Amino acid sequence: MCFNEANYKKWDKPMQVVVKGWRNGTGQSGKQFSSRYIGSMVADVHRTLLYGGVFGYPADSMNVNGKLHLLNEGGPMAFLVAQAGGSATTGTLSVMGILPEVVH
């Protein structure tokens with residue numbers, strides 16, 4: 001599990017519940033997960049690809065649409081993750097299916 005948990009209190013309630021469940025082992029799998037956050041998306045995704053897990057940069061009260069740029073961060077990483085057999089989602093939509101509306 002790879003999230004910047006310093007922003008935990010700014011996330012919406014469903015996101016807080018999911019991450020708390022993973023940490024405490026009360027999620028759907030019943031397994032307890034620890035968190036590792038390097039702070040560089042490329043390094044964090046690389047680690048997730050090597051060892052498995054979830055990388056997330058959820059929207060929060062300061063960045064309601066999230067903070068990753070679709071064209072140079074979210075899209076390319078979603079492609080790499082998909083090629084490795086994983087998936088990239090906004091929580092409701094596939095990142096690979098989002099059409100850009102602005103360059104940034």
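Not measured: the values here are computed from a predicted model.
A single hydrophobic cluster is seen to contain both Val54 and Val19, as judged by linkage of ILVMFWY side chains at heavy-atom distances under 4.5 Å, directly or through other members. Residues Met15 and Tyr8 are members of one and the same hydrophobic cluster, defined by side-chain heavy-atom contacts under 4.5 angstrom among Ile, Leu, Val, Met, Phe, Trp and Tyr. Clustering ILVMFWY residues whenever any of their side-chain heavy atoms sit less than 4.5 angstrom apart, transitively, puts Tyr37 in the very cluster that holds Val42.
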Q.
Using side-chain contact (heavy atoms from CB on, under 4.5 Å), reason through Val81 and Val95 one step at a time and then give a plain yes or no.
A. CA-CA 11 Å; Val81 168; Val95 174; over 6 Å; no

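Note: Cys2 SG to Met41 CE = 11.0 Å, rounded to the nearest 0.5 Å. Note: Asn65 CG to Thr90 OG1 = 10.5 Å, rounded to the nearest 0.5 Å. Of the inter-residue distances, the one linking Leu49 atom CG with Leu80 atom CG reads 7.5 Å to the nearest 0.5 angstrom. Atoms CD1 and CG, from Ile38 and Asn4 in turn, are 12.5 Å apart once rounded to the nearest 0.5 Å.
Of the possible donor and acceptor atoms, one in the side chain of Asp44 sits under 3.5 Å from a partner among the backbone N and O of Gly39. Side-chain N or O atoms of Asn24 include none that pairs as donor or acceptor with a backbone N or O of Thr26 at under 3.5 Å. Side-chain atoms of Thr89 come within 3.5 Å of backbone N or O of Leu93 as a donor-acceptor pair.
Relative ring orientation between Phe33 and Trp22 is described as perpendicular, the plane-to-plane angle rising above 60° on a 0-90° scale split at 30° and 60°.
The environment of Phe79 atom CZ is sparse: at most 12 non-hydrogen atoms of other residues, nucleotides or ligands sit within 6.0 angstrom.
Within the 4.5 Å cutoff, the side chain of Arg36 has heavy atoms near those of the Arg47 side chain. Side-chain contact check for His69 versus Val103: every heavy-atom pair is 4.5 Å or farther apart. Residues Trp11 and Phe3 form a side-chain contact, since some pair of their non-hydrogen atoms from C-beta on lies under 4.5 Å apart. Taking 4.5 Å as the limit, every side-chain heavy atom of Asn7 sits out of range of all side-chain heavy atoms of Asn63.
Partner Glu5 forms a salt bridge (charged side-chain N to carboxylate O under 4.0 Å, His left out) with one of Arg23, Lys10, Lys20 and no other, that one being Arg23.
Annotation for Leu71 and Pro100: closest pair CD2-CG, 3.6 Å, computed over non-hydrogen atoms.
Note on Glu73 versus Lys67: no salt bridge recorded, every NZ/NE/NH1/NH2 to OD/OE distance being 4.0 Å or above.
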